[in-house]
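I have placed the structure first, in the form of structure tokens, so that the comments after it can refer back to it.
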Number of protein chains: 2
Amino acid sequence: MRSEKVTSVDVAKKAGVSQSAVSRVFTPGASVSPKMADKVLKAADELGYRPNVLARSLITGRSKIIGLVVAYLENQFYPDALEKLSTALQEHGYHILVFMVSNDDASVDKVMGELLDYQVDGIITASVGMSNALAARCSAAGVPVVLFNRGQDDERLNQVTSNNLAGGRKIAEFLLAGGHTKIAHIAGWSGSSTGRDREAGFRAGLAAAGVEPVACIDGMYKRETAAAAARELFSGKDRPDAVFVGNDHMAFAVMDVLRFELKLDVPGDVSVVGYDDVPLASWPAYDLTTLRQPSNRMVEATVSTLLGWIEEGSNDVRKIQIDGPLMIRGSARIPQGWPDERL
Amino acid sequence: MRSEKVTSVDVAKKAGVSQSAVSRVFTPGASVSPKMADKVLKAADELGYRPNVLARSLITGRSKIIGLVVAYLENQFYPDALEKLSTALQEHGYHILVFMVSNDDASVDKVMGELLDYQVDGIITASVGMSNALAARCSAAGVPVVLFNRGQDDERLNQVTSNNLAGGRKIAEFLLAGGHTKIAHIAGWSGSSTGRDREAGFRAGLAAAGVEPVACIDGMYKRETAAAAARELFSGKDRPDAVFVGNDHMAFAVMDVLRFELKLDVPGDVSVVGYDDVPLASWPAYDLTTLRQPSNRMVEATVSTLLGWIEEGSNDVRKIQIDGPLMIRGSARIPQGWPDERL
DNA sequence: GAAGTTTCTGCATACGTATGCAAATTGAAT
DNA sequence: ATTCAATTTGCATACGTATGCAGAAACTTC
């Protein structure tokens, strides 16, 4: 009942040819005559032979495996990205090996070690940073890294993000145009470039009109933290009339608190704007105005960067920023005559 | 700038021992003297040596890779399960290789072939069925399979589900006790055992009280299909006063239609009950009454089954059903004195 | 049909590790 | 010190595949 592996040697024997011939038939671009290919494929088919990827990778140095490091899948943005990444890579013959981490350096380091043990051809980190030591190790091992939705200064790391600065600014302009005067921000985790950049862009946008946010709290990209922040900001008498929340995942928590705990009307009493445009944002229950991170294009950029390094030996580090439109929906007051970018 | 692999041979040379000695130091349970271990570990450390998992698996026949086949991650139940599965397996030294499929046999067959090429130690399919031919191939290859959240009659396939029959019945009883008289069902995909079992249990529960559902539509586990079904069911004059929706993901779509398109009150006009208890179900915006699939225990059962086959050579096929409680929330009328199972 | 060119094939070896076997070392017991 | 057992080590080989090299075969061209 144990497995009965069929190897290229078996096929060779059955077809009456050499093992190398079999190998060549299954290696795209190798030199084989049609006759040979026929013979071999027939034998292979009868035996149910398929090349062993692991053995192959031992010799080619290519495993066809991409390591994905991710901290949590609760924020819908990430499963969505994972699905798209996996599908896109699959079309190129690669597959994703998943590594869950908690977002501290020790955990990332440990996991990344295991990752390299698998001889992955490349690494994608989703919303996870890397220590410099680690970046050095990957670089030394010749394994390209793309930070997906996270920036970092290291000169060895590719990165793909949305244009968070521009996005933050656009949201500031939108809220100002809507006539809001007391504008707050529940920010993304300050330990992340995305959180910092969105805040910086947002502040810059307000500052251009001589405005300052009435409050700015780190929501840590967590529902609970964001909810607590919302309670703090909006319980008092002199509450803000608008809030930009650092991502949709937190924005949902904030809206829940505003509506169901504090009985405030959104957008009547408070305008709420998020960031990401996850599928849930367009569901009528939230109908959230939010800045879209174009995950399709981000995935595309990630995959092409990675494959460029792996298959074409590229070695220019790319720091890609992709602009996204503001998705205007019902959770924030819409300024008179504001152009809808989606049109 | 290309990679400089350091192998066990390098370490052996540096430590002045044989390659086998190095191998043994890194093989748990092998016979090595403390002195030897010290020498080798020191050399390994200085060179930054780590064993090559792929080369190792070539010889041991164990890749430490588990293939996960999954159709879509939009339904929050699956990313949640994926996260838990991955974390649990990681603790045992295994990792998940992801394969996305569309849910038709051809796609599954193709992908499953690639899967076996990677010499995976085991396969988990999440909400995806398998052709018999495929089951046979996995079995012949000695690769254990666990169907997660999907049942199938094949005698070679392990499976872990919630008790869908009991769950469906429990929901019927709950709705009947609430005094509902016109009860409809927007069912899970009829091509899946979960969809069929939930419906069967639900019908049985109603039948026990001499009641029949006023309507029963296949929602295909898709938002759009479920929404269309809701429009059809609830647009007319003589609308149902309760609906059991085959999973939470569809139930959210149904609630959106009821509230925002048809301006009906939930649960005032219509009671809605879902199935899964994904995190979103407990958010106040939906506050969905739903039957919990205990994903923690389902994951635990999946992992222990799989590891039993892989590491202990178990070969009894397990068909595990796990009971879950009804999570009573605000989307359905609560019968007088109905016991809260969670207490 | 001979010479030259191109295409194809088999041989041998390599990838990085684990493991059976026998030799070498250690330790215990006399 | 000597014998015997137990432990540790190195040697050689195997896992399943890809590929450089040289020879064989096929095809051109005159």
Side-chain angles (χ1 to χ4, degrees), chain A residues 2-41 43-44 47-65 93 116-121 141-142, chain B residues 2-41 43-44 47-65 93 116-121 141-142:
Chain A
R2 265 272 139 293
S3 79
E4 10 187 301
K5 317 238 169 205
V6 27
T7 76
S8 59
V9 176
D10 300 329
V11 177
K13 207 166 296 174
K14 170 143 192 162
V17 302
S18 74
Q19 179 270 328
S20 6
V22 177
S23 168
R24 273 187 264 262
V25 171
F26 285 91
T27 305
S31 161
V32 216
S33 70
K35 264 181 305 192
M36 172 67 81
D38 278 359
K39 257 194 303 189
V40 170
L41 285 175
L47 294 176
Y49 169 76
R50 308 208 66 189
N52 180 329
V53 176
L54 265 37
R56 168 179 288 170
S57 68
L58 185 55
I59 221 179
T60 60
R62 294 278 163 78
S63 61
K64 296 291 187 174
I65 297 177
L116 293 172
D117 295 348
Y118 279 94
Q119 314 296 117
V120 293
D121 290 341
Chain B
R2 265 272 138 294
S3 78
E4 9 188 301
K5 316 236 169 209
V6 26
T7 76
S8 59
V9 175
D10 300 328
V11 177
K13 207 165 292 174
K14 171 144 193 164
V17 301
S18 74
Q19 178 270 329
S20 8
V22 178
S23 168
R24 274 187 263 263
V25 171
F26 285 92
T27 305
S31 162
V32 216
S33 71
K35 264 181 305 193
M36 172 67 82
D38 279 357
K39 256 195 304 191
V40 170
L41 286 175
L47 294 176
Y49 169 77
R50 310 207 67 190
N52 179 330
V53 176
L54 266 37
R56 169 180 286 169
S57 68
L58 186 55
I59 241 196
T60 59
R62 293 279 164 76
S63 61
K64 296 291 188 173
I65 296 177
L116 293 172
D117 295 348
Y118 279 93
Q119 313 297 114
V120 294
D121 289 342

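Just so it is clear: chains get the letters A, B, ... in the order the sequence lines come, proteins before strands, and each one is counted from 1.
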Below 4.0 Å: OP1/OP2 of [N] and any side-chain N or O of [X]:
X         : N       : result
Ser18(B)  : dC11(D) : no
Tyr118(B) : dG16(D) : no
Thr7(A)   : dG16(D) : no
Ser57(B)  : dC15(D) : no

Residue [X], side-chain atoms from C-beta onward, closest of [options]:
X        : options                   : value
Thr27(B) : dT19(C), dT19(D), dG16(D) : dT19(C)
Ala55(B) : dT17(D), dG10(D), dG16(C) : dG16(C)
Met36(B) : dA18(D), dG16(C), dG10(D) : dG10(D)
Ser31(B) : dT8(D), dC11(C), dT17(D)  : dT8(D)
Thr60(A) : dG16(D), dT19(D), dT17(C) : dT19(D)
Arg56(A) : dA18(D), dG16(D), dA14(D) : dA18(D)

Distance in angstrom units between [X] [atom1] and [N] [atom2], rounded:
X         : N       : atom1 : atom2 : result
Asp117(A) : dG16(C) : CG    : P     : 14 Å
Asn52(A)  : dC15(D) : CG    : C1'   : 9 Å
Leu58(A)  : dC15(C) : CG    : C1'   : 4 Å
Asp10(B)  : dG16(C) : CG    : C1'   : 10 Å
Arg50(B)  : dT17(C) : CZ    : C1'   : 16 Å
Leu54(B)  : dA18(D) : CG    : C1'   : 15 Å
Gln119(A) : dT17(C) : CD    : C1'   : 11 Å
Arg62(B)  : dT19(C) : CZ    : P     : 11 Å

Give me the atom names and distance for the closest heavy-atom approach of [X] to [Y].
X        : Y         : result
Gly93(B) : Tyr118(A) : O-OH, 3.9 Å
Lys64(B) : Asp121(B) : N-OD2, 2.7 Å
Leu58(B) : Ala55(A)  : CD1-CB, 3.7 Å
Met36(B) : Val17(B)  : SD-CG1, 3.7 Å

Inset, instruction - Identify, between Gly16(B) and Val22(A), the residue whose nearest nucleotide on DNA chain D lies closer to the 5' end. - result: Gly16(B)

Inset, instruction - May I ask you to say what Ser23(B) touches in the nucleic acid, namely base, sugar-phosphate or nothing, with a heavy-atom cut-off under 4.0 Å? - result: base

Legend entry - Donor-acceptor pair present, Ser20(B) side chain and dC11(D) base, under 3.5 Å: yes

Legend entry - Most 5' of Arg24(B) and Ile59(A) on DNA chain C, judged by nearest nucleotide: Ile59(A)

Legend entry - Val9(B): which of Val6(B), Val11(B), Thr7(B) passes side-chain contact (heavy atoms from CB on, under 4.5 Å): Thr7(B)

Inset, instruction - Indicate yes or no: at least one non-hydrogen side-chain atom of Pro51(B) is less than 4.5 angstrom from one of Tyr49(B). - result: yes

